[in-house]
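Please read the structure below before turning to the comments.
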Protein chains: 2
Amino acid sequence: MAERPGPQGGHGLLYLTDEQLRKGIEAMFFAYRGFTAAPDRILAEQDYGRAHHRALHFIGRSPGTTVGNLLDILGVTKQSLNRVLRRLMDDGLVEARVGREDRRERHLHLTETGRTLERALSEAQRDRMRAAYRAAGPQAVQGFRQVLEAMMDPEMRRHFEGGDAPGKAGSR
Amino acid sequence: MAERPGPQGGHGLLYLTDEQLRKGIEAMFFAYRGFTAAPDRILAEQDYGRAHHRALHFIGRSPGTTVGNLLDILGVTKQSLNRVLRRLMDDGLVEARVGREDRRERHLHLTETGRTLERALSEAQRDRMRAAYRAAGPQAVQGFRQVLEAMMDPEMRRHFEGGDAPGKAGSR
DNA sequence: TAAGATACGTCAGCCATGTTGACATTCCAA
DNA sequence: TTGGAATGTCAACATGGCTGACGTATCTTA
């Protein structure tokens, strides 16, 4: 009963051999490297690391987000995040504004400089993603997204689904 | 979320908005966290890290692999890898045998203890992967794999494709 | 056979980024 | 008015990357 199912078949049951799963695991490993390679190069030039990239990304995608929210998303300690944010603020890439409703909160924004770097990073990463999407085709992209979503921790899925376009429903 | 081109359609052009690509990027980020979460917990108990996991994994999947080959796959420096291997060998999880053809080479193998830990780690990870695969369905799995493969660096794809079942048709 | 290249190990030190723990400040809310 | 929340910060430590330098054994080649 083992090897039968062609890669297509198996509509009902899924025959997931350890071997198939191992390939999936390695695919994640190797792909993640490709996924981070381009931004990593840009970051290295400016002496930043992935931690800075992550902060820039999530501030860029939801301007005005708070430190606490960022801590939640990134899943690191505040001390760790603070070191990164401090540097970004000292370098003038990120700005923290005191909350108007709750003055304890700091709302984070990218400065023009910050936006520029963020754009460079995400463009590099999008290029790679776009190339992969194009190579694999729309059908595959759909499946890709489904599997990734199923692989997330449920709390993370929240942040993911919540991460809708800041402007409107109509994307673009 | 679905816009114009039905998820099926768009054979020719792919309309990939920045927004869609951003979601893909975040999906990778969040999913990768889910992907490593379970093994990370096991590793933490024994005071190992992801680096040890990677070494155990690739030694386990191709017993007898050499240090140089591992360096190639992992893309770290020999000093970095050595620190990890040293510990694994001292702890009796990995064994290095002098090459028979080329006595300069060290061929790496898991000991029984090493195999046990490796199995625990990969089982935890496979469980997660299996659950995601099941939730998403076979079609999606196919797409997932295609996109990931397209996202790898070409040299890494080599290692990936080469990673065939150790038992089967004389790969390698 | 001698010289160079290759595979590996190791020492030493640096850096980024994660961690804990403790403590201060400010401010909201009951 | 007081307790807790949101944040910042100091200090210390661990992991796992990195570079550079050097040593040894072994293979390859002129």
Side-chain angles (χ1 to χ4, degrees), chain A residues 29 32-33 36-37 39-59 64-91 94-109, chain B residues 29 32-33 36-37 39-59 64-91 94-109:
Chain A
F29 173 70
Y32 200 79
R33 291 251 299 265
T36 52
D40 280 356
R41 277 189 292 271
I42 298 175
L43 290 159
E45 285 169 21
Q46 335 233 342
D47 264 322
Y48 289 121
R50 265 183 220 177
H52 302 92
H53 184 186
R54 292 195 280 270
L56 289 173
H57 174 96
F58 284 106
I59 295 171
T65 190
T66 65
V67 173
N69 188 36
L70 215 46
L71 283 173
D72 230 39
I73 292 182
L74 298 178
V76 298
T77 59
K78 63 177 175 172
Q79 294 89 333
S80 216
L81 176 59
N82 198 259
R83 185 162 34 198
V84 167
L85 282 183
R86 179 106 315 270
R87 167 102 189 274
L88 290 175
M89 295 196 292
D90 288 351
D91 292 1
V94 166
E95 209 177 43
R97 303 184 193 149
V98 172
R100 277 187 313 179
E101 316 247 311
D102 186 333
R103 298 175 43 84
R104 289 171 304 179
E105 295 181 338
R106 299 300 128 105
H107 296 273
L108 303 169
H109 298 265
Chain B
F29 172 69
Y32 199 79
R33 290 251 298 268
T36 52
D40 280 357
R41 277 190 293 270
I42 298 176
L43 290 159
E45 286 169 21
Q46 335 233 343
D47 264 323
Y48 289 121
R50 265 183 221 177
H52 302 92
H53 184 187
R54 292 196 280 270
L56 289 174
H57 173 96
F58 285 105
I59 296 170
T65 190
T66 64
V67 173
N69 189 37
L70 215 46
L71 283 173
D72 230 39
I73 292 181
L74 298 178
V76 297
T77 59
K78 62 175 176 174
Q79 293 89 333
S80 221
L81 176 58
N82 198 257
R83 186 162 34 196
V84 166
L85 281 183
R86 178 87 274 129
R87 166 103 189 273
L88 291 175
M89 294 195 293
D90 288 352
D91 291 0
V94 166
E95 210 178 44
R97 303 184 194 151
V98 172
R100 277 187 314 179
E101 317 246 310
D102 186 335
R103 299 177 41 86
R104 289 170 305 180
E105 296 182 338
R106 298 298 128 106
H107 297 272
L108 303 170
H109 298 264

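Atoms considered below: every heavy atom in the structure, side chains included; atoms not considered: hydrogens, waters and symmetry mates. Convention: sequence-line order gives letters A, B, ...; per-chain numbering from 1.
Atom CG of Leu71(B) sits about 9.0 Å away from atom CD of Gln79(B), to the nearest 0.5 Å.
Among the atoms of the strands shown, only primed sugar atoms or phosphate atoms (P, OP1, OP2) are found under 4.0 Å from some heavy atom of Arg86(A). Using a 4.0 Å heavy-atom distance criterion, His107(A) is classed as making no nucleic acid contact. When heavy atoms are screened at a 4.0 angstrom cut-off, Arg50(A) is found touching the sugar-phosphate backbone but no base atom. Residue Arg87(A) is out of contact with every strand shown, counting any heavy-atom pair closer than 4.0 Å.
In this structure, the CG atom of Leu85(B) is 11 Å from the C1' atom of dG9(C), given to the nearest Å. A straight line from CZ of Arg103(B) to C1' of dA25(D) spans 9 Å, rounded to a whole angstrom. Remark: C1' of dA6(D) and CG of Asn69(A) are 13 Å apart, rounded to the nearest angstrom.
Distance from the side chain of Asp47(B) is smallest to dT15(D) among dG9(C), dG18(C), dT15(D).
Applying the 4.0 Å criterion to OP1 and OP2 of dT17(C), one finds that His52(A) has a side-chain N or O inside that range. Side-chain N/O atoms of Ser80(B) include none lying less than 4.0 angstrom from OP1 or OP2 on dG16(D). The phosphate of dA11(D) has neither OP1 nor OP2 within less than 4.0 Å of any side-chain N or O from Arg83(A).
In this structure, His109(A) and Val94(A) have side chains that are not in contact, with every pair of non-hydrogen atoms separated by 4.5 Å or more.
Relative orientation of the Tyr32(A) and Tyr32(B) rings is parallel, given thresholds of 30° and 60° on the angle between their planes.
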